Amino acid sequence: QLVESGGGLVQPGGSLRLSCVVSGSGSGFSMSVLGWYRQAPGKQRDMVAVKTSGGTTNYAASVKGWFTISRDNAKNTVYLQMDSLKPEDTADYFCYARIRTAIGSTFRDYWGQGTLVTVSS
């Protein structure tokens, strides 16, 4: 289970920090990739930022330099710091995780329910 928080209404130029807690524990539990996607009304869901367990980070070109993804593996949490927000950043933001829940199982993709970010004056 992935639970997001931190969305809301912010003025252009403002900042927000999204958090996503991933439920899971045990010796076989492993988080490979954690990230954030977003979906604006009437549009497809697009990658915003992802971070692998090895530290490799990938950002969408439209947010590179303004958004920062980080993860705290001890807390099973991934964050998205969003600065200099623009109206076009308005969207539902979805947490993504590629997880293995037990030793011997395969990694699977999981999604949060989404948190709405609205950038408007």
Side-chain angles (χ1 to χ4, degrees):
Q1 182 181 8
L2 280 62
V3 179
E4 303 114 330
S5 62
L9 174 64
V10 63
Q11 292 186 342
S15 298
L16 280 177
R17 188 193 195 204
L18 304 183
S19 300
C20 174
V21 179
V22 181
S23 298
S25 62
S27 60
F29 178 79
S30 179
M31 302 180 298
S32 172
V33 181
L34 298 177
W36 294 91
Y37 284 67
R38 68 185 180 186
Q39 187 169 18
K43 296 188 176 182
Q44 67 181 18
R45 188 176 298 186
D46 292 323
M47 186 273 291
V48 176
V50 294
K51 193 173 183 73
T52 70
S53 57
T56 300
T57 302
N58 190 26
Y59 292 96
S62 59
V63 306
K64 197 169 186 179
W66 289 272
F67 290 10
T68 304
I69 187 171
S70 60
R71 55 189 283 174
D72 185 335
N73 293 326
K75 296 181 179 180
N76 286 6
T77 302
V78 60
Y79 304 96
L80 185 68
Q81 177 66 40
M82 305 185 293
D83 298 319
S84 301
L85 283 160
K86 308 169 187 176
E88 51 263 42
D89 295 316
T90 296
D92 280 309
Y93 284 71
F94 296 89
C95 179
Y96 162 81
R98 181 167 293 171
I99 300 169
R100 184 190 68 188
T101 57
I103 294 175
S105 67
T106 58
F107 282 88
R108 293 177 56 193
D109 296 335
Y110 293 83
W111 295 91
Q113 292 187 331
T115 184
L116 179 62
V117 172
T118 303
V119 185
S120 175
S121 55

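It should be emphasised that the depicted structure is a prediction, and the values quoted were computed from it without experimental measurement.
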Can you list every salt bridge (charged side-chain N to carboxylate O under 4.0 Å, His left out) pair that touches [range], not counting sequence neighbours?
range: residues 100-121; answer: Arg98-Asp109
range: residues 55-64; answer: none
range: residues 20-32; answer: none
range: residues 110-120; answer: none

So which heavy atom on [X] is nearest to which on [Y], and how close?
X: Val22; Y: Ala97; result: CG2-CB, 4.4 Å
X: Leu80; Y: Ala49; result: CD1-CB, 4.2 Å
X: Lys75; Y: Thr77; result: O-OG1, 2.8 Å
X: Trp66; Y: Ser84; result: CD1-CB, 3.1 Å
X: Ser30; Y: Phe107; result: O-CE2, 3.6 Å
X: Lys43; Y: Gln39; result: O-NE2, 3.0 Å

Partner residues of [X] under the side chain to side chain donor-acceptor pair (under 3.5 Å) criterion, sequence neighbours left out:
X: Asn73; result: Arg71
X: Asp89; result: Arg38
X: Asp46; result: Gln44
X: Thr57; result: Lys51

How far does [atom1] of [X] sit from [atom2] of [Y], to the nearest 0.5 angstrom?
X: Ser120; Y: Leu85; atom1: OG; atom2: CG; answer: 12.0 Å
X: Leu2; Y: Phe94; atom1: CG; atom2: CZ; answer: 12.0 Å
X: Trp36; Y: Ile69; atom1: CH2; atom2: CD1; answer: 8.5 Å
X: Asp92; Y: Thr118; atom1: CG; atom2: OG1; answer: 8.5 Å

Study note, to complete from the structure: Going by chain and number, the hydrophobic cluster around Leu116 (ILVMFWY, side chain to side chain under 4.5 Å) further includes none

**Study point:** Check: Cys95 and Val78 side chains under 4.5 Å, non-hydrogen atoms
**Key:**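 Touching, per the 4.5 Å side-chain cut-off.
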
Side-chain donor/acceptor pairs under 3.5 Å, residues 9-20, sequence neighbours excluded:
{"from": "Ser15", "atom 1": "OG", "to": "Asp83", "atom 2": "OD1", "distance (Å)": "2.8"}

Is there a donor-acceptor contact under 3.5 Å from the side chain of [X] to the main chain of [Y]?
X: Asn76; Y: Ser23; result: no
X: Thr90; Y: Val119; result: yes
X: Gln81; Y: Thr68; result: no

Review point. Does one hydrophobic cluster hold both Val50 and Val63, with members joined at side-chain heavy-atom distances below 4.5 Å?
Key: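 Per the 4.5 Å side-chain linkage, Val50 and Val63 are not co-clustered.
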
Review point. Looking at residues at least two apart in the chain, or sitting in another chain, which of them share a ring pair (Phe, Tyr, Trp, His ring centres under 6.0 Å) with Tyr96?
Key: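 Tyr37, Trp111.
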
Practice item. Under the side-chain contact (heavy atoms from CB on, under 4.5 Å) rule, collect the residues that match up with Thr56, sequence neighbours excluded. Key: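 Applying side-chain contact (heavy atoms from CB on, under 4.5 Å) to Thr56 gives Thr52.
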
